[in-house]
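Report on the following structure.
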Amino acid sequence: MRKPLVVALCALALAGAGATPAVAAAPSPTGADTTTGAAPATSLTDVVNDTVGAVADTLSGLTAPKSAAVNFAGTVSLSNCSGSVVRMPDSAASDPALVLTNGHCLESGFPAPGQVLTDRASSRTFGLLNASGAKVATLRADRLVYATMTDTDAAIYRLNTTYARIKSAYGIDPLTLSGSRPAAGTAISVVSGYWKRIYSCSVDGFAYRLKEGDWTWKDSVRYTSACDTIGGTSGSPVVDDATGKVVAVNNTGNEDGARCTVNNPCEVDRDGGVTVRQGINYAQQTYPFTACFTTGNRLDLSASGCTVPKP
């Protein structure tokens with residue numbers, strides 16, 4: 001998984017020399033710090049993350065061209081990652097809003113292989129962005145609803161406000177999770193709230209298994225090379241350009257060409273064959289979650305069709 005604190009420090013140094021965040025670091029698994037515990041509110045990590053966020057805001061106009069159809073509205077910035085305010089296909093405006101990011105972006109550190117976290121207290125904050133990428137509000141969670149790095153790499157937080165209140169106060173709608181598996185060749189945008197940058201490419205195909213260190217993910221989305229995501233883009237929504245719906249959550253990439261190590265995931269096929277694709281990046285599909293939430297955005301892991309890992 002990517003190490004955004006390292007990326008942030010590099011970005012600060014390069015920003016002083018007139019460089020943009022896009023060249024702050026080479027692609028590597030995208031997002032959380034390698035520490036296993038949450039940093040205190042007054043730690044150096046928080047100071048650096050706040051500072052680099054300001055640098056990213058300042059330099060956002062210098063980043064790569066954005067898709068005409070996809071913008072930043074509804075995306076969020078975390079202290080170490082990206083994310084988005086999302087709704088299920090049947091969510092109501094009066095439901096408590098949800099935020100989607102990666103499991104490896106948790107403030108408490110990486111979940112262990114096989115570990116699934118549900119219904120945990122949380123007061124994590126998120127910077128809500130408008131269409132142009134400007135921060136318009138700070139949103140706060142009251143629960144970590146679900147998180148894992150087993151089979152997928154996802155975390156879903158519940159906010160202490162509703163979709164309707166966010167819309168009324170800031171004019172911003174949530175992104176909708178697609179209930180369907182994306183197809184190879186689909187034009188997509190990876191929208192990073194951390195860097196205020198949009199990467200545009202296509203779904204190149206799927207990895208039957210994607211192995212990185214001790215973790216293994218199933219049916220991962222492989223991007224074409226144009227989506228050269230960097231540290232801090234972990235948790236970014238992957239948006240189908242045609243529908244505007246979220247089809248995956250960005251999470252990793254092979255940095256050095258190494259085989260199946262941390263920061264260097266490898267693809268494993270049904271027969272156990274291993275393929276390494278240096279510089280190629282990946283995401284985890286999100287449609288399975290749409291069967292796991294019921295009325296009121298309540299998580300129900302026993303619901304029909306809910307296939308995500310369970311505690």
Side-chain angles (χ1 to χ4, degrees), residues 2 4 7-8 11 15 19-31 52-78 80-86 99-102 105 126-136 170-178 182 185-204 221-253 279-286:
R2 295 210 196 277
V7 172
T20 72
V23 294
S28 60
T30 37
V52 77
V55 172
D57 285 340
T58 301
L59 297 178
S60 61
L62 303 178
T63 55
K66 303 175 181 64
S67 165
V70 177
N71 59 47
F72 295 101
T75 62
V76 299
S77 58
L78 285 67
N80 59 349
C81 287
S82 301
S84 55
V85 179
V86 296
V99 165
L100 170 70
T101 187
N102 284 147
C105 294
F126 312 90
L128 177 66
L129 306 186
N130 65 13
S132 65
K135 179 181 173 181
V136 296
Y170 311 110
I172 294 174
D173 292 309
L175 283 68
T176 299
L177 293 194
S178 172
T186 298
I188 54 173
S189 294
V190 183
V191 189
S192 172
Y194 187 90
W195 286 120
K196 286 76 176 175
R197 179 175 178 180
I198 298 177
Y199 301 80
S200 296
C201 62
S202 298
V203 175
D204 183 56
V221 173
R222 182 198 316 118
Y223 305 145
T224 53
S225 60
C227 282
D228 53 345
T229 50
I230 61 173
T233 63
S234 277
S236 299
V238 180
V239 179
D240 182 326
D241 288 350
T243 66
K245 294 182 178 180
V246 176
V247 295
V249 58
N250 180 65
N251 82 308
T252 195
I280 294 300
N281 297 287
Y282 301 88
Q284 303 309 309
Q285 297 187 56
T286 50

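Note that the structure is a prediction, hence the values are computed from the model and not measured.
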> Which heavy atom of Ala248 sits nearest a heavy atom of Val221, and at what distance?
Replying inline: CB-CG2, 4.2 Å
>> Apply side chain to side chain contact (heavy atoms under 4.5 Å, CB included) to residues Leu100 and Leu177 and explain how you reach the verdict.
In response: CA-CA 10 Å; Leu100 170 70; Leu177 293 194; 4.1 Å; yes
>> Distance check, rounded to the nearest 0.5 Å: Thr186 atom OG1 versus Asp241 atom CG?
In response: 9.5 Å
> Which atom names give the shortest non-hydrogen contact between Pro182 and Gln285, and what distance separates them?
Replying inline: CD-OE1, 3.1 Å
>> Could you check whether any side-chain heavy atom of Ile230 comes within less than 4.5 Å of a side-chain heavy atom of Tyr194, counting everything from C-beta outward?
In response: no
>> To the nearest 0.5 Å, what is the distance between CG on Leu175 and NZ on Lys245?
In response: 11.5 Å
>> If I take atom OG from residue Ser189 and atom OH from residue Tyr199, how far apart are they, to the nearest 0.5 angstrom?
In response: 12.5 Å
> Out of Val70, Asn250, Leu129, which residue meets the side-chain contact (heavy atoms from CB on, under 4.5 Å) rule with Val191?
Replying inline: Val70
>> Measuring from atom OG1 of Thr233 to atom CD1 of Ile198, what distance do you get when rounded to the nearest 0.5 angstrom?
In response: 13.0 Å
> Does the side chain of Ser82 come under 3.5 Å of the side chain of Ser192 through a donor N or O and an acceptor N or O?
Replying inline: yes
> Which pair of heavy atoms, one from Val247 and one from Ser178, lies closest together, and at what distance?
Replying inline: CG1-CB, 4.0 Å
> Taking Asn130 as the fixed residue, which of Asn71, Thr75, Ile172 is the one that meets the side-chain contact (heavy atoms from CB on, under 4.5 Å) rule?
Replying inline: Ile172
> Are any of the side-chain nitrogens in Asp204 or Arg222 under 4.0 Å away from the carboxylate oxygens of its partner?
Replying inline: yes
> Taking the side chain as C-beta and beyond, is there a heavy-atom pair between Val99 and Val76 under 4.5 Å?
Replying inline: yes
>> Measuring from atom OH of Tyr223 to atom OG of Ser200, what distance do you get when rounded to the nearest 0.5 angstrom?
In response: 11.5 Å
>> Nearest 0.5 angstrom please: Thr224 OG1 to Ile280 CD1, how far?
In response: 7.5 Å
> Would a 4.5 Å heavy-atom cut-off, applied to side chains only, mark Cys227 and Asn281 as touching?
Replying inline: no
